[in-house]
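Notes for the one structure printed next.
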Amino acid sequence: MLKDNINHNEKVKPNTAFLKELKEKLPEFFTADKYDGEGEIIEVGNFDLIKFQRYLKENNIEELTSGYQLDFIGKDYAKKQAGEFAKTVIVPNSQHNQLDENKLSNNLFFTGDNLEVLRHLQNNYSNFVDMIYIDPPYNTGSDGFVYPDSFDYSDEDLKNMFGMSDEELERLKSIQGKATHSAWLTFMYPRLWLSKRLLSEKGVIFISIDDNEVMNLKLVCDEIYGESNFITIIPWQSRQSVQNDTDFSINHEYLICYAKNRRSEHRRLKESNKKLWYELESFAFKPLPLDKSNFSNPDNDPRGPWKADPFDAPNIRPNLTYEIVNPNTGIAYLPPTGRCWRTEESSYQKLLADNRIIFGKLGESKPQLKVFYEEKKDLGSVENSWFTGEKLGTTTQGTKELQTLFGGKSYFDTPKPTKLIRKLVELSTTNDSIIMDFFAGSGTTADAVMQLNAEDGNRKFILVQIPEKTYELKEDGTKQAIRSNQLTFKDGYMSIDEITRKRIILASKKIQKDGGLTLPEKFDGGFKHYYVVEPNQLVLDDLESFDVESGLFKNNQGQLVQFSESDFDDMIQPFSSESLNVVGDASGVDTIITTWMATDGYKFDKEISSIDLVGYQAYYIDNSRLYLINSNWSSKQTQELLNALGINKLTVQTIVIYSYSFDLESIKEIEIGLKQLDNKVNILKRY
């Protein structure tokens with residue numbers, strides 16, 4: 001488990017994540033992996049650059065040396081972070097999750113570092129999320145952002161990892177605890193990289209930002225998502241009041257939008273793709289209802305109401321550049337500078353003969369195309385890229401919404417209004433989509449999703465919020481409120497995520513009351529809650545003391561001894577919620593199972609059953625995987641397991657063993673017995 005991940009992270013290089021993705025997409029350009037006798041990879045295949053270059057030349061692409069790229073201090077470190085595995089465990093809040101309103105909920109809330117949560121979800125939610133909305137730190141200098149990473153490696157390790165000089169190392173470490181552009185980009189890069197892999201093929205991401213980092217964010221998203229997947233930057237009127245003590249009253253923020261895969265053949269408004277839209281639903285945005293009031297029929301055309309669209313289009317194409325003569329005035333027109341006509345000349349002549357071309361209201365202007373309502377109504381309209389506060393709310397409305405829920409208190413300075421997030425969800429998802437927000441803040445995203453579900457669907461949300469403390473410890477050990485969180489602390493909230501969860505609960509109750517809904521039959525107004533926690537140093541030291549090859553522990557004298565003779569406690573209890581200092585009454589086994597489920601690709605709603613093997617409790621999932629976690633395994637459990645498999649009483653494809661709970665003899669006994677059965681059961685040993 002954690003030891004495996006820690007060992008992996010030590011080997012990760014800045015290009016590891018990229019090569020992994022490249023191998024998934026283009027496996028034919030990699031040499032074969034090398035395996036040991038037990039089927040473990042000992043050497044990952046290399047990318048065959050010569051072969052790749054040869055294929056490029058065969059497609060007449062001679063070189064890829066032009067262009068530009070974004071560079072910043074910490075970029076290599078950020079890329080390394082994108083390839084690292086989680087070094088935390090997932091602890092279920094069992095008390096919360098067993099409440100009636102939460103038992104059957106498909107909504108998820110994670111308390112923890114969003115980078116770690118994103119790492120965990122790579123295995124079980126990759127390609128499942130249809131929309132991501134995030135409201136990250138804006139790096140304004142007053143929003144409290146500083147680069148939080150403490151660089152979990154020695155100076156020598158960092159220099160060896162990245163081939164840095166002492167001076168370069170000093171520059172890298174200079175971003176720690178700082179709010180520079182490089183620090184902000186180093187913080188955002190791995191989170192954006194991992195988030196892309198969670199999006200479905202039709203998925204989109206919206207990112208709120210302001211003038212401080214909008215240009216840098218655009219560049220880093222171009223690199224991660226690809227320039228071809230950029231959709232737009234939407235200005236949003238975040239405030240309506242005017243600030244008079246500055247050069248300009250800044251009344252707007254931005255929403256940067258990228259698609260996971262904005263393929264040109266799936267552009268929604270192409271007439272030829274009308275059938276594709278309905279069959280595949282593979283477009284980034286849903287059509288809005290077409291406003292019929294924009295159409296009229298001044299010439300009594302039998303095809304019904306129409307409106308005039310420009311007949312010119314972007315780009316310069318020789319086959320679409322020709323003279324069009326106005327038959328009423330004899331004046332010849334060429335396309336405007338930098339543009340071309342929408343069709344070839346032969347198609348234009350057909351449109352003219354079909355009375356689909358007009359020359360202005362008086363017949364004296366350049367050509368326009370008649371677009372008929374009946375032919376376009378099913379394709380719908382597109383959203384305007386200017387979001388007004390009057391239509392979609394401002395931060396003032398967001399504050400009022402929180403005050404309504406919290407009895408006049410808001411706790412947040414500039415919360416987003418639910419109208420804004422509702423609009424984004426409506427535009428880009430279906431009524432059963434998964435929506436994610438890994439900078440959850442005030443919880444507006446969950447509120448907006450639940451509001452929409454009360455009307456027309458069963459969307460699911462995944463929220464992540466770091467447990468940012470509202471207090472600091474004084475020298476005598478007592479707590480005092482951080483200045484910016486005086487009210488929050490006074491009202492009993494020890495961390496920001498507590499307020500976020502409370503907002504979701506209050507919003508759910510309001511929605512139920514307003515709509516006359518009941519839980520969980522008609523409305524999923526609950527959520528499952530998990531803590532993502534790094535074990536304390538003593539536990540990590542214990543993990544480090546385990547010798548994988550011998551299955552023994554190093555005691556305080558450095559001697560290899562059996563677990564029972566070592567200086568350590570059991571290796572299960574340290575992962576309980578009590579030992580990890582979080583609430584929820586989860587046992588160590590609960591934490592290990594939940595963490596393993598994510599690792600093995602199972603959603604958190606997957607049922608787990610308990611199996612008794614002569615007094616030993618094992619855990620069975622998906623009729624295929626058996627988890628052996630508890631200690632006190634003996635030969636009689638091995639015999640019982642082999643008997644159950646032999647008579648097909650138990651169907652298992654993989655047995656996962658928590659190696660800290662087993663001695664080497666027991667593991668070998670299981671392996672030998674399985675070989676004799678010859679039923680091709682895989683064994684995974686986790687540390």
Side-chain angles (χ1 to χ4, degrees), residues 231-237 257 264-279 281 283-392 419 423 426-428:
I231 294 176
T232 191
I233 298 179
I234 304 169
W236 165 57
Q237 185 184 9
C257 181
S264 60
E265 65 266 27
H266 288 167
R267 296 284 167 83
R268 183 168 52 76
L269 293 182
K270 281 189 176 182
E271 182 68 31
S272 61
N273 285 322
K274 180 175 179 179
K275 181 179 180 182
L276 197 62
W277 161 248
Y278 291 109
E279 288 186 352
E281 291 187 346
F283 306 96
F285 296 98
K286 296 187 295 185
L288 302 171
L290 203 59
D291 187 355
K292 194 172 183 178
S293 66
N294 293 327
F295 295 76
S296 62
N297 195 1
D299 61 350
N300 294 316
D301 194 301
R303 290 164 289 197
W306 53 270
K307 69 182 182 74
D309 274 3
F311 193 64
D312 54 86
N315 297 320
I316 300 174
R317 295 172 59 182
N319 63 323
L320 301 181
T321 302
Y322 50 88
E323 281 192 350
I324 290 181
V325 177
N326 184 327
N328 304 314
T329 64
I331 297 176
Y333 293 93
L334 286 171
T337 303
R339 298 175 71 85
C340 58
W341 299 126
R342 293 172 67 159
T343 71
E344 294 180 345
E345 187 170 10
S346 59
S347 297
Y348 162 75
Q349 294 296 340
K350 292 178 181 177
L351 291 170
L352 182 66
D354 194 30
N355 190 27
R356 289 177 180 262
I357 300 293
I358 63 168
F359 293 87
K361 292 182 179 180
L362 302 178
E364 299 175 352
S365 304
K366 65 181 180 180
Q368 294 176 289
L369 178 68
K370 291 171 73 172
V371 177
F372 292 93
Y373 175 79
E374 286 299 320
E375 294 177 352
K376 296 294 181 181
K377 65 179 180 179
D378 290 336
L379 285 176
S381 182
V382 295
E383 182 57 66
N384 192 306
S385 67
W386 166 243
F387 281 12
T388 64
E390 180 180 4
K391 183 179 179 182
L392 295 176
K419 277 185 179 180
K423 170 57 69 175
E426 288 176 318
L427 280 173
S428 59

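Being a predicted model, the structure only gives us computed values, none of them experimental. FYI, side chains are in, hydrogens and waters are out, and symmetry mates aren't considered; it's all heavy atoms of this structure.
Checked against side-chain hydrogen bond (donor to acceptor under 3.5 Å, both in side chains), K292 has no partners two or more places apart in sequence or in another chain. Considering only residues two or more places apart in sequence or on other chains, T337 meets the side-chain hydrogen bond (donor to acceptor under 3.5 Å, both in side chains) condition with none of them. Legend: residues meeting side-chain hydrogen bond (donor to acceptor under 3.5 Å, both in side chains) with E344, ordered by chain and number and at least two apart, are N319. Partners of N300 according to the side-chain hydrogen bond (donor to acceptor under 3.5 Å, both in side chains) rule, which considers only residues two or more places apart in sequence or in another chain, do not exist here. In this structure R317 satisfies the salt bridge (Lys or Arg N to Asp or Glu O under 4.0 Å) test with no other residue, sequence neighbours excluded. By the salt bridge (Lys or Arg N to Asp or Glu O under 4.0 Å) test, D354 pairs with R303, R356, sequence neighbours left out.
Looking at heavy atoms from C-beta onward, N294 lies out of side-chain contact with Y373 at the 4.5 angstrom threshold. In this structure, L351 and R342 have side chains that are not in contact, with every pair of non-hydrogen atoms separated by 4.5 Å or more. The side-chain heavy atoms of W306 and S296, taken from C-beta on, include no pair separated by under 4.5 Å. Within the 4.5 Å cutoff, side-chain heavy atoms of L334 are placed close to those of E323.
Between atom CG of residue L352 and atom CG of residue L369 there is a gap of 11.5 Å, rounded to the nearest 0.5 Å. From R339, atom CZ reaches atom CG of D312 across 4.5 Å, with rounding to the nearest 0.5 Å. The CZ atom of F359 sits 12.0 Å away from atom NZ of K366, with the distance rounded to the nearest 0.5 Å.
No donor-acceptor pair under 3.5 Å is formed between the side chain of Q237 and the backbone N or O of T388.
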